[in-house]
Each structure stands twice: as structure tokens, then as C-alpha cells.
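Notes for the one structure printed next.
Keep in mind it's a predicted model, so treat the numbers as computed, not measured.
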Amino acid sequence: MKSYKQVVFSALLAAGISGVAQAGGPAKPFIKEGTWRGVFTLSESQVPFNFQLKGKDPEHAIFTLINGSRHDDFHVQRIGPDSIFIKMNTYDAALVAKIESDGQISGEYRSLVPNFRGNALPFTAEYGQDYRFAPPGTEEAPKYNIDGKWELKIYSKEPTPDRIGLLHQQGNKLTGVIMSVVGDSRELEGTIHGDEFELSGFTGPSPIYIKGKVNDDKSLTGELSLGIYNNIKFDGEKNPSAELPDPYKLTYLKEGYSKLDFTLPDLNGKNVSLSDEKYKGKVVIVEIIGTWCPNCTDQTSFLSPWYNKNKDRGVEAIAIGFEQKDDLEYARYTLGKLKEKYNIQYDILFGGIADKKVASEKLPALNRMMAFPTTILIDRKGNVRQIHTGYTGEVTGQYYQDYVSKWTKDLDELIAEK
């Protein structure tokens with residue numbers, strides 16, 4: 001596997017950015033502190049994102065992506081007199097950019113996965129702008145109010161489950177989240193102007209862009225873009241009663257199974273199994289994740305502090321990571337970053353390449369691996385008592401609150417069993 005510096009240098013060359021810092025080289029101005037507006041070029045669309053920069057030099061700089069009420073912080077590195085590198089925390093991707101002579105920046109969002117040939121997303125960013133889509137004073141008054149819950153029917157070449165949109169509108173300003181059986185889109189921010197609306201989101205993984213129209217019958221039509229290639233069309237109907245399939249019933253044990261069985265290496269290469277002495281007589285939480293998966297990192301940000309608070313109550317946890325390369329050395333790097341960021345104190349195992357079919361083969365007791373993440377609760381006798389598909393974060397409001405309430409109740413009951 002390439003070293004971290006080799007990956008950075010390769011990303012710079014691929015992005016066409018030169019001038020890697022030389023010892024004693026002239027220092028050039030750093031990015032201005034304050035508010036910025038960036039724009040990705042995604043096919044024929046312009047996908048905006050907002051961020052703030054605090055710190056007058058790379059040693060103290062914090063780059064903060066802003067999506068509605070959600071703020072995500074990242075560190076900035078200067079890698080040349082006029083070049084910067086912003087690693088997307090646990091996601092193996094980065095913004096690699098050049099500080100232009102006028103103080104603006106331009107560059108690419110690029111995968112850092114070794115030998116991955118995905119296309120990069122070019123972007124530019126302008127200082128001092130905090131709007132998302134329409135500059136202040138240019139907004140067209142909305143013809144409709146689309147605040148509420150929407151049932152979204154998806155049209156795609158591949159079978160794709162329908163989704164639910166939770167939208168919040170105040171005048172022209174629009175925020176919201178799209179939920180699916182896998183999880184949620186994280187918070188999106190945008191605008192509604194006339195009978196058209198736009199939403200975007202960028203939190204570290206590939207950006208999300210939604211463009212749609214409100215029809216005369218007050219239904220919606222639009223297109224959802226996830227990254228470069230994944231574009232799906234949808235129709236929407238407002239439906240306060242709309243619900244997704246029960247996440248506790250989508251993944252289950254095959255007939256004849258009551259237990260989960262696996263033997264997989266931890267980050268040091270040592271094989272770990274549920275039959276190990278460490279787990280006997282304990283309630284065990286198994287989370288199936290990947291560091292490339294935003295819903296997985298959100299689930300980890302919930303589980304890790306919960307475990308650290310409750311680990312002395314007779315409960316253990318195991319994370320099984322499926323990564324973008326089938327390579328333990330690479331997984332040691334990516335999952336190690338996850339462990340460091342979220343202060344994970346439970347075992348992290350490597351399952352293999354990030355593929356649902358592979359995950360299903362490694363965990364043959366399951367009917368199928370439907371989503372990353374999937375969370376499995378095992379009682380003190382080693383029996384699987386619950387399987388939850390996907391994860392819905394705080395932005396989903398009542399859905400998240402219901403999840404936390406059920407989690408707390410179910411774990412308390414399992415821990416109390418003799």
C-alpha cells in the first residue's frame with residue numbers, strides 16, 4: 001500500500017497541482033479566515049457547498065463544512081507554497097486545491113483509495129459568500145409550500161427501494177433529509193424558487209444534489225444525484241403517513257440458525273470469534289460497517305460513547321469493517337483512523353472488500369446483507385435477539401429519538417437477563 005505522503009503526492013499530480021513545498025521556499029498567503037462558498041462541477045450541474053475557515057496558518061486551521069445545522073470539522077495541510085490538502089477525516093478522500101493569485105481556491109475532490117480509478121470532482125471556492133444557490137436579492141418567491149413528509153417513488157435501471165423526504169421550508173429557504181432502508185442522506189440545504197427547488201449536501205463523502213419541480217397538482221418530480229454516476233429520478237407525493245419498511249425485519253437469521261458465527265482478523269491480524277472467552281456470558285453488539293459509509297460513521301459516533309459508558313455492565317461490542325480494498329494493511333489504516341476519531345474501545349475486525357455479497361458470505365447465518373451499517377444484538381447465551389438494518393441519525397428527528405428509546409430499553413433488558 002502507498003504511504004500517506006505518496007497518496008498525497010499522487011493526488012496532487014492527478015489534480016494538476018505542482019509546487020510541493022521545498023525547504024526554505026517562500027511562504028505564500030494562506031486561505032482567508034471566514035465564510036466561503038464552493039461549487040462542484042457534477043456532470044452538467046453546479047453543486048454548491050458552504051464552509052468556514054478558522055486559523056491564520058495551517059498549524060491552527062480548521063475547515064468546517066456547513067449543512068443546515070450540521071457542522072463537520074477537518075484539518076488543513078499546506079503541501080506547497082500555494083497548495084492545500086484537506087483529508088475528509090475517516091473517509092479515504094480529500095480536497096486537493098491551489099490558492100489562486102486572487103485569494104480564491106480551485107482544485108478537486110479526489111479518492112485516495114490506492115489504485116482506485118474513480119473520476120475526480122473539480123471545484124472552485126469564493127471567499128465571503130454564504131448563500132447556497134441564489135445570491136441574496138435574486139430569489140423568486142415560491143409558488144408552493146412543500147414543508148412536510150414526502151413519499152418518493154424511485155425510477156432507476158437497478159431495483160431501488162422508495163424513499164421518504166422530510167422537508168422544512170421557511171420562505172425560500174429549504175432544508176431536509178432523505179431517508180431510505182439503508183439510512184439517511186444527512187442534512188441537506190437549499191432553496192425553493194417559483195415552482196422549482198434545489199438541495200445539496202457535502203459532509204465529507206461524495207456530494208449529494210437534488211433538483212426538482214412542484215407540479216400543478218402539488219406533486220414533485222425530480223432527480224437525485226449521489227456522487228458522479230448514481231443519478232436517479234423520482235416522483236413525490238405528500239403523505240404524512242408514509243413509512244419505510246420496518247428496519248428490524250429486513251435482515252434476519254436463516255431458518256435453523258439461532259446464533260451468529262464468524263472468525264475474522266482484528267487490526268493486528270489476530271483472529272477473533274464470538275466463541276472467545278471475552279464474549280462468553282456477555283451481551284454482544286455486532287456492528288457491520290465501512291469507513292467509506294457515512295451512515296456507518298454516524299452509527300459509530302452513537303455506539304462508541306454508549307459503549308464506553310456501559311461497558312462495565314456485562315456488555316461487549318465488535319465492529320466488522322468491510323473496506324474499499326481487500327487488504328488488511330489498508331484496513332489497518334482506514335479502520336485505525338475510525339478508531340482514533342471516535343475513541344473506539346471495542347474490537348474492530350476486518351471482514352474483506354466492501355461488497356454486500358462478500359459480507360453475506362462471511363456471515364452465512366444472515367438471510368442477506370442488505371445494508372451497511374447493520375447492527376446485531378446477541379444475548380448472554382449467544383442467541384441473536386435483534387437485527388437492525390441501516391441507521392437514521394439525529395437529523396431525522398422523531399425517527400432518531402424512537403431508535404434511541406428502543407435501543408436503551410432493549411439493551412437494558414438484555415443486560416438484566418441472568
Looking at [X], I want to see if its [atom1] is surrounded by more than 12 non-hydrogen atoms of other residues, nucleotides or ligands under 6.0 Å.
{"X": "Lys254", "atom1": "NZ", "answer": "yes"}
{"X": "Glu316", "atom1": "CD", "answer": "yes"}
{"X": "Arg368", "atom1": "CZ", "answer": "no"}
{"X": "Lys233", "atom1": "NZ", "answer": "no"}
{"X": "Asp216", "atom1": "CG", "answer": "no"}
{"X": "Gln170", "atom1": "CD", "answer": "no"}
{"X": "Lys213", "atom1": "NZ", "answer": "no"}
{"X": "Lys282", "atom1": "NZ", "answer": "yes"}

[X] side chain to [Y] side chain, donor-acceptor N/O pair below 3.5 angstrom:
{"X": "Arg186", "Y": "Asn67", "answer": "no"}
{"X": "Ser225", "Y": "Asn231", "answer": "yes"}
{"X": "Thr375", "Y": "Gln299", "answer": "yes"}
{"X": "Glu323", "Y": "Thr334", "answer": "yes"}
{"X": "Gln169", "Y": "Asp147", "answer": "no"}
{"X": "Thr191", "Y": "Arg132", "answer": "no"}
{"X": "Asp347", "Y": "Tyr279", "answer": "yes"}
{"X": "Ser106", "Y": "Glu100", "answer": "yes"}

[X] to [Y] - nearest heavy-atom pair and separation:
{"X": "Pro245", "Y": "Val181", "answer": "CD-CG1, 3.7 Å"}
{"X": "Gly183", "Y": "Asn295", "answer": "CA-OD1, 3.6 Å"}
{"X": "Ala134", "Y": "Glu139", "answer": "CB-CG, 4.0 Å"}
{"X": "Tyr109", "Y": "Ala93", "answer": "OH-CB, 3.5 Å"}
{"X": "Phe30", "Y": "Pro58", "answer": "CE1-CG, 3.7 Å"}
{"X": "Ser111", "Y": "Val113", "answer": "OG-N, 3.2 Å"}

Looking at [X] and [Y], would you say the former's side chain and the latter's main chain have a donor-acceptor pair under 3.5 Å?
{"X": "Gln104", "Y": "Tyr127", "result": "yes"}
{"X": "Glu108", "Y": "Leu121", "result": "no"}
{"X": "Lys153", "Y": "Phe234", "result": "no"}
{"X": "Arg78", "Y": "Pro81", "result": "yes"}
{"X": "Arg380", "Y": "Glu417", "result": "yes"}
{"X": "Gln324", "Y": "Pro114", "result": "no"}
{"X": "Ser405", "Y": "Gln401", "result": "yes"}
{"X": "Ser180", "Y": "Arg163", "result": "no"}
{"X": "Asp276", "Y": "Val272", "result": "no"}
{"X": "Lys149", "Y": "Ala242", "result": "yes"}

Review point. Looking at Phe63, Tyr209, Phe49, Tyr91, which one forms a ring pair (Phe, Tyr, Trp, His ring centres under 6.0 Å) with Phe202?
Key: Phe49
Just so I know, are the side chains of [X] and [Y] near enough to count as touching, which here means a heavy-atom distance under 4.5 Å?
{"X": "Trp306", "Y": "Val315", "answer": "yes"}
{"X": "Ile146", "Y": "Lys238", "answer": "no"}
{"X": "Leu244", "Y": "Glu151", "answer": "no"}

Spacing of [atom1] belonging to [X] relative to [atom2] belonging to [Y], to within rounding of 0.5 Å:
{"X": "Thr124", "Y": "Arg37", "atom1": "OG1", "atom2": "CZ", "result": "8.5 Å"}
{"X": "Asp379", "Y": "Glu413", "atom1": "CG", "atom2": "CD", "result": "12.5 Å"}
{"X": "Leu250", "Y": "Thr389", "atom1": "CG", "atom2": "OG1", "result": "4.5 Å"}
{"X": "Ser304", "Y": "Lys341", "atom1": "OG", "atom2": "NZ", "result": "11.5 Å"}
{"X": "Lys280", "Y": "Lys278", "atom1": "NZ", "atom2": "NZ", "result": "14.5 Å"}
{"X": "Ile378", "Y": "Asn383", "atom1": "CD1", "atom2": "CG", "result": "9.0 Å"}

Testing [options] one by one against [X] for a side chain to side chain contact (heavy atoms under 4.5 Å, CB included), which residue passes?
{"X": "Met369", "options": "Ile288, Asp355, Val358, Thr251", "answer": "Ile288"}
{"X": "Tyr155", "options": "Ile232, Asp235, Thr221", "answer": "Asp235"}
{"X": "Phe302", "options": "Tyr403, Tyr342, Tyr307", "answer": "Tyr403"}

Exercise for review: Start with the C-alpha distance between Leu349 and Phe262, add both sets of side-chain angles, then the distance that settles side-chain contact (heavy atoms from CB on, under 4.5 Å), and finish with yes or no.
Suggested key: CA-CA 11 Å; Leu349 312 183; Phe262 57 79; 3.7 Å; yes
Review point. Quick one: do Asp261 and Lys362 make a salt bridge, cutoff under 4.0 Å?
Key: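 So Asp261 does not pair with Lys362 through a salt bridge.
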Point to revise | Criterion side-chain contact (heavy atoms from CB on, under 4.5 Å) on Ile164 and Leu152, from CA distance to verdict | key: CA-CA 6 Å; Ile164 287 177; Leu152 305 179; over 6 Å; no
Exercise for review: Could you go through the side-chain contact (heavy atoms from CB on, under 4.5 Å) check for Ile105 and Leu95 one step at a time?
Suggested key: CA-CA 11 Å; Ile105 61 177; Leu95 294 173; over 6 Å; no
Check your understanding: Taking the six-membered ring of Tyr248, is the NZ or CZ of Lys406 close enough (under 6.0 Å from the centre) and on axis enough (within 45°)?
Key ->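 Judged by the rule, Lys406 and Tyr248 form a cation-pi pair.
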Practice item. Let me see the working for Asp130 and Phe51 under side-chain contact (heavy atoms from CB on, under 4.5 Å), right down to the final yes or no. Key: CA-CA 8 Å; Asp130 62 358; Phe51 63 92; over 6 Å; no
Review point. Does the side chain to side chain donor-acceptor pair (under 3.5 Å) test come out yes or no for Asp184 and Tyr399, once each step is laid out?
Key: CA-CA 11 Å; Asp184 66 79; Tyr399 290 91; over 6 Å; no
Practice item. List the steps and the verdict of side chain to side chain donor-acceptor pair (under 3.5 Å) for Tyr391 and Glu287. Key: CA-CA 11 Å; Tyr391 180 78; Glu287 62 164 357; over 6 Å; no
Exercise for review: Go through the steps for Asp72 and Arg70 under the test salt bridge (Lys or Arg N to Asp or Glu O under 4.0 Å), then give the verdict.
Suggested key: CA-CA 7 Å; Asp72 292 274; Arg70 181 183 177 115; 2.7 Å; yes
